[in-house]
Number of protein chains: 2
Amino acid sequence: FIHILDAEETEPYLLRLGATDDRTLPLYGIPFAVKDNIDLAGIPTTAACPAFAYTPDESATVVRRIIELGGIPVAKTNLDQFATGLNGTRSPYGVCRNSVLPDYPSGGSSSGSAVAVALGVASFALGTDTAGSGRIPAAYNNLVGLKATRGLISTHGVVPACRTLDCTTLLTASASQASMLFSLLARFDPADDYSRKNPQWNGSTAFGRIRPGFRFGVPQTLDFAGRSEDEALFAQAVARLETMGGLAVPIDLSPFLDAAKLLYEGPWIAERHLVVQDLLTRDPEAILPVIRAVLDAAPEYSAADMFSAVYRLQHIKAECDAVMNGLDCVLTPAMPRPVTLAELQEQPVAANSLLGVYTNFMNLLDYAAVAVPSAFIANGLPWGVTIFGRAFTDQYLLSIADAFQRTSGLPLVGGQTLEPAVTGRVATNDRARIVVCG
Amino acid sequence: FIHILDAEETEPYLLRLGATDDRTLPLYGIPFAVKDNIDLAGIPTTAACPAFAYTPDESATVVRRIIELGGIPVAKTNLDQFATGLNGTRSPYGVCRNSVLPDYPSGGSSSGSAVAVALGVASFALGTDTAGSGRIPAAYNNLVGLKATRGLISTHGVVPACRTLDCTTLLTASASQASMLFSLLARFDPADDYSRKNPQWNGSTAFGRIRPGFRFGVPQTLDFAGRSEDEALFAQAVARLETMGGLAVPIDLSPFLDAAKLLYEGPWIAERHLVVQDLLTRDPEAILPVIRAVLDAAPEYSAADMFSAVYRLQHIKAECDAVMNGLDCVLTPAMPRPVTLAELQEQPVAANSLLGVYTNFMNLLDYAAVAVPSAFIANGLPWGVTIFGRAFTDQYLLSIADAFQRTSGLPLVGGQTLEPAVTGRVATNDRARIVVCG
């Protein structure tokens, strides 16, 4: 944590609830944690950089809405500085350890948010995700991490990483909780230039039982960084989706991986640089050396480089969209394999990069993704997969994730297990239907 | 013209038609002209720069499709070099004069394409449009110019101006012809990375009679560059839409004009520069001085400048979208006032810029637009308006343009006049309905 709200700071939220006395509010009294690059009125926002800190007068749109719905903010959580990292160690506020095994990191950059939910301090937490920051810490801590379609959950009041790519994310114990929160929070925000309207077919009624025969892509070749245990766990996850009635379709993941390379080996670094350039000029020592190293490439890129990269991305996206055609979703491991704190200390950049192999491409390609717990490895560490699909299929992906969790029968954080089956309507990928049939 | 197909060059297309003997082809035997930045197999593509010329083996996707549908290419037409200009004088192949008054330019950059249709050499023509190049020459020559939603008509095989913004356009005598062609040519093209699927609600069935009570935006303040005649003609156009049953809604055009500034005063120039940078290095004299002057600003922009401009555009687009909310379309003059050839000679940049005031913002904002003839000024020069709306409302805009033409009773190029009313189904802006109601 960077800031735990004390009794005085929490009081107005409790009083507000007392005053409204409206116990029908959907989030009445539910404690939630806020990543410290998201504004909470009156509490400093640090982005894990004390020299950058400011105290906002207003909460971020998404935080304000949660409070209006009855939620109680309990803490501002630690993160990889400026949300640049996937491991949780890049913070002057301390290394964030894994909630289960202390030799492992929490994952990041939404490190504290994940741990807060995993340890029961909060019922859910807000994170952000530009390249995996909401999904990697979910996978490391037995949580669901929803990186919804860009623009559906407001980023107004969030410190940008890459403004064109940033998403506000949800960290929850279960996919059904994420679905409920998503339906409450996916609102057009006029204050957010990147806000998009959520179409009706992606509303709460789109969440339900999955239909048999859904087609999920499975990459033909995957890199588990040499670990056979991860490979076996992934095969188990594929088999589980088949048990659920899904049809595995082999796909070529290489265009997706090509997109990922653009993010850190191309001019998008200039976006991150824009956020901190004043501070970088004024007081470079205020920024962690590892973050400065990432940003160093930025000033070299020209607008022409940028356009070349944009064309390349558009070409890759056309290839990826062609792969996605006829698929309901794609299944990948959340990461090639978990890395340890020792490995991160030894190779802070390479070990971090390894974590992002299956997450980096998502935001650039404008896909929606859910990280969902799939197993525990032999040493007890949580192990997760990612289910992703086209933009505006969030509720459909969550339906698959929900069924996946119920079929796995794994304990959620806090110990609860889900009922094996959920009754109710069949979830449908309505977007495909509407696009095809008008 | 840059190249008129001789008998030998036209023969294969005629033979092909003879061979298929399929008189049911929708474009059977119809002659069409092709702007010389669009590939026609076996004929050089010059982009009005002889040093840039190459002879393509394959036709552009859109040209190939027209030929498959029975069309006969008759000429490659003159243009402002590299489609950079709105007047038709910037070409080593000669100044393109107006089809009605020789003291005026044709408008550009699709100059020869407009004149070819206006003079009856072709039944319709292909142009391109990045900042008005398909609409300005339409307005100058009593034509309809459709700049459809970006990505709906393939740009594969088109020399780029700004690849992220370019559109292939249609120049026709009437909006109903443009509607028919659009429905035939708006096809997803896997070879075009920027291709988008046309939703069913924007198909041919969306074209028809307009419904009463449609709301059209009218800018509260407009710049007619001091000419009261243009102002009166615009008032007449507003009155005509009201006669048609429309409701005029005053709007603030300033955010739209802010977007326009970004196009030439920002890093998008770097896109144009990318297209010709090799030639510019190898043989700068091969490029017209006025075009070189435009491109000179490009190397100064960095990727960070680019992102700043992208954020600014996104902010402006959010403002413009808010203005568009609840409107069916917006009406503007096609240009503040027509400029003469003498003015262009005296002030080649300023006079050209004046032409683009009401067209430059469209592609950046991802709107669809139709230039439609509205009147003749006292000296006999055609005078047009632009009707624009949100992406994927092309057929709806064409329905309004069609009714506008029928109500005006003006002679089309070639002398025909349209029946005052068209029977058939009522056109509806289905997009709005689907987005709202699912």
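Naming convention: chains lettered A, B, ... in sequence-line order (proteins, then strands); numbering from 1 in each chain. Just so it is clear, the structure is predicted and the values come from calculations on it, not from any experiment.
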With a 4.5 Å heavy-atom cut-off, do B:Y311 and B:M306 have their side chains touching?
no

Going by heavy atoms in the side chains, are B:R150 and B:Y194 under 4.5 Å from each other?
no

May I ask you to test the B:T149-B:Y367 pair for a side-chain heavy-atom distance under 4.5 Å?
no

Could you check which of A:A322, A:A270, A:C162 has the highest count of heavy-atom pairs closer than 4.5 Å to chain B?
A:A270

Residue part contacting chain A, namely of B:S195, when any heavy atom lies under 4.5 Å:
neither

Please confirm whether the ring centroid of B:F361 lies under 6.0 Å from the ring centroid of B:F388.
yes

Would you call B:D258 and B:K261 a salt bridge, using N to O less than 4.0 angstrom?
yes

Please name all residues satisfying side chain to side chain donor-acceptor pair (under 3.5 Å) with A:S154, sequence neighbours left out, ordered by chain then number.
A:D189

Applying a strict 4.5 Å limit to non-hydrogen atoms, the region of A:A303 in contact with chain B is both

Would A:R390 and A:D328 pass as an ion pair if we require N to O under 4.0 Å?
no

So which of A:H315, A:E319, A:Q314 has the biggest tally of heavy-atom pairs under 4.5 Å with chain B?
A:Q314

For chain B, find its close neighbours in residues 271-279 of chain A: heavy-atom separation under 4.5 Å, sorted by number, or none.
A:E271, A:L274

Flag the pair B:I251 / B:V330 as yes when at least one side-chain heavy-atom distance between them is below 4.5 Å, and no otherwise.
yes

Mind ranking B:Y301, B:W268, B:F307 by heavy-atom pairs under 4.5 Å with chain A and telling me who comes out on top?
B:F307

